[in-house]
Amino acid sequence: MRFLEAVLRTVRHSRRLATGLVILGLMVLLALLSPLIVKAIGGSTDPLELAAYERWLVPGPGHLLGTDQFGRDVFAMVISALAVSLQIGAIAGLISTVVGVIVAFVAGYKGGWIDGLLSTFTGILLVIPTFPLLIALSAYAKNVSLFQVGVMISIFSWPFAAKTIRSQVLSLRSRPYVDLARVSKARDLEIIGTELLPNLLPFIGVGFASSALGAIFGLVGLEVIGLGPGGVIDLGQIIFNAINTGALTLGAWPMFVVPIALLTLLFAALNMINIGLEEVYNPRLRGVAGE
Amino acid sequence: MTDKVIELRGVQQRFHARGTPDGYLTAVQDASFTLAADPPQVVSLVGQSGSGKSTIARNVLGLQKPTAGTVTYGGKDIFNLSRAEYDEYRKNVQPVFQDPYSIFNPFYRVDRVLWKAVKKFSLASTREAGEALIEESLKAVSLDPGRVLGRYPHQLSGGQRQRIMLARIHMLRPAFVIADEPVSMLDAQIRKMFLDILLDFQREHRMTTLFITHDLSTVYYLGGQVMVITKGVIVERGPVSSVMHEPSHPYTRLLLDSIPQPDPANRWTTRIKVDESPDADTTAAEAPEPRPLL
Ligand SMILES: Nc1ncnc2c1ncn2[C@@H]1O[C@H](COP(=O)(O)OP(=O)(O)OP(=O)(O)O)[C@@H](O)[C@H]1O
Ligand SMILES: [Mg+2]
């Protein structure tokens, strides 16, 4: 398949990109296996249940990372919170990218007043301070589902994707090969799909990775200051609990350290993917890459 | 068909531009000419960089709608054709562009532009017939199909890529080829080969070429008719021989003077400042009142 071929070609060119993808892949795998892992830890009891075990157990063979203030197994909690964080990143990243790509293509390819209108709108969303708005929004969202949180966050992250991709569309649409496609009777949608989109894949990848990153960390930011939407336990929520209960002083350091380590790893992986993609596709850095 | 004629009447193309008095830049002003397919001929359009040559090519190819005036094919406005007329126009008016590098989408193998032509213009009904056609056309432009097919654009030389574009023309057999500086990026040897292929096409496949260039020696080589354009205005036209030997417009004389002289005694004695051409202040200032935008 062309698409896979292109992806493989890209990965071969950047060790950074490959490393980032491997780390991310491992974390996704861990998240996918989280129900099984949780089951393996708990056996017949649900390790995430309140008062499943004794409170504040120190790390040991039974509970690798100890238990929290409600007697839940921290290892099981961290694993399932990782899955939640990744899902939110994926949902928000996907929505942002899809909306961003559509807006960017309509604006960039059609040009004229449509471009003016959409660009102004995107610009406005870009400059309004999103974090306070998120805080306000989450005040209303006390018992929301994971999906709703993802949607909420993506409202603010799609303009970033749209902005990068639009400028690329603008530079690509005046390429001679687009003119050649037009005199070969290709229609607008066909040109967008077959001439422009493939060349935009890396930028779409960057858009996805950065909005996923933004969403995960936006939510963590909300949680840490205690304003996260209720009902969703992601990595930020565990960190907030650790801070709030003074877990560190009680010897329950894993509750604080492990989520932060996972987030750092995730941050590093997504950034490596971003930088790697830019490295491979930035024309100025490209010269030596060849194929 | 006898009505294979492209006609430009009073074509004007303006662009929004910052830093000009009225916020517009007039790239082409009141351009009128006719290209006839019968008899097939070469019409050169010569002028310096920025004179509006590519803009005219884009107008003729239907890639850019002029801000005033009309471009007609067979007497019909090309921006207002029925489905069947549009197909007929597209089939018969095809380009060769300047830059053999960016004409290929780097994402695909070069075969794709040829297959696209086969499919979009229904040139062959089976895969085998399409393959045969592609091979035949590649051979017609002295390319070895085995050495170019299946390759990515960056794996071919500029000359090879530009000849693939010619192979595409060979497949489509349009009545008109709009060649926008097709040889300016090729070396002298490949350049001659390219021009000879174009002349062959004119003779054997009865193609009329609008050949855009800034280089008078290629105009000499091709012969036929020539139009001289400067600052968006076509200032002189006629058979190559008479325009070259008895230029009537000062700009044409300037162009002729700027051909490098092989005689060492003659070299470097005069300097030519392009911006001080005799018509520098006439074309822009005396151009007719701009028509409103569409
Ligand atoms: N899309 C556009 N938007 C704004 N200005 C344009 C556009 N296309 C062309 N121009 C301007 O119109 C003028 C004529 O450009 P054009 O490309 O037709 O020149 P040219 O004769 O083909 O030059 P060259 O020999 O360098 O290719 C130039 O001043 C150019 O900057
Ligand atoms: Mg040009």
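Every chain is numbered from 1, with letters handed out A, B, ... down the list of sequences.
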Checklist outcome for this item: Sorted by chain and number, sequence neighbours left out, side-chain hydrogen bond (donor to acceptor under 3.5 Å, both in side chains) with Glu195(A) holds for Asn105(B), Arg112(B)
Checklist entry - How about residues 162-171 of chain B versus chain A: which residues have heavy atoms under 4.5 Å apart? => result Met165(B), Arg168(B)
Checklist entry - Is any side-chain heavy atom of Tyr177(A) closer than 4.5 Å to a side-chain heavy atom of Ile103(B)? => result no
Item to check | Note, Phe104(B) side chain near Pro176(A) side chain (heavy atom, < 4.5 Å) | outcome: no
Checklist entry - Nearest 0.5 Å, what's the OG-CG distance between Ser184(A) and Leu172(B)? => result 7.5 Å
Item to check | Contact check, side chains of Asp87(B) and Lys185(A), non-hydrogen atoms, under 4.5 Å | outcome: yes
Item to check | Contacting region of Lys120(B) [heavy-atom separation from chain A under 4.5 Å] | outcome: both
Next on the checklist: What's the separation between atom CG in Asn199(A) and atom OH in Tyr108(B), rounded to the nearest 0.5 Å?
Outcome noted: 7.5 Å
Next on the checklist: Counting only non-hydrogen atoms closer than 4.5 Å, does Tyr86(B) touch chain A with its backbone (N, CA, C, O), its side chain (CB onward), both, or neither?
Outcome noted: side chain
Item to check | Side chains of Arg58(B) and Asp179(A) in contact at under 4.5 Å (non-hydrogen atoms) | outcome: yes
Item to check | Derivation and outcome, side-chain contact (heavy atoms from CB on, under 4.5 Å), residues Thr194(A) and Lys116(B) | outcome: CA-CA 12 Å; Thr194(A) 65; Lys116(B) 234 186 165 141; 4.0 Å; yes
Item to check | Residue part contacting chain A, namely of Val113(B), when any heavy atom lies under 4.5 Å | outcome: side chain
Next on the checklist: Surrounding CZ of Arg16(A) (heavy atoms of other residues, nucleotides or ligands, distance under 6.0 Å), is the total greater than 12?
Outcome noted: no
Show which side-chain atoms of residues 116-124 of chain A pair as donor or acceptor with protein atoms under 3.5 Å away, not counting sequence neighbours.
| unit_1 | atom_1 | unit_2 | atom_2 | d |
| --- | --- | --- | --- | --- |
| Ser119(A) | OG | Asp115(A) | O | 2.8 |
| Ser119(A) | OG | Asp115(A) | OD1 | 2.9 |
| Ser119(A) | OG | Arg166(A) | NE | 3.2 |
| Thr120(A) | OG1 | Gly116(A) | O | 2.5 |
| Thr122(A) | OG1 | Leu118(A) | O | 2.6 |

Next on the checklist: Heavy-atom cut-off 4.5 Å, strictly under: side chain, backbone, both or neither for Phe97(B) against chain A?
Outcome noted: side chain
Item to check | side-chain hydrogen bond (donor to acceptor under 3.5 Å, both in side chains) involving Thr70(B) - partner list, sequence neighbours excluded | outcome: none
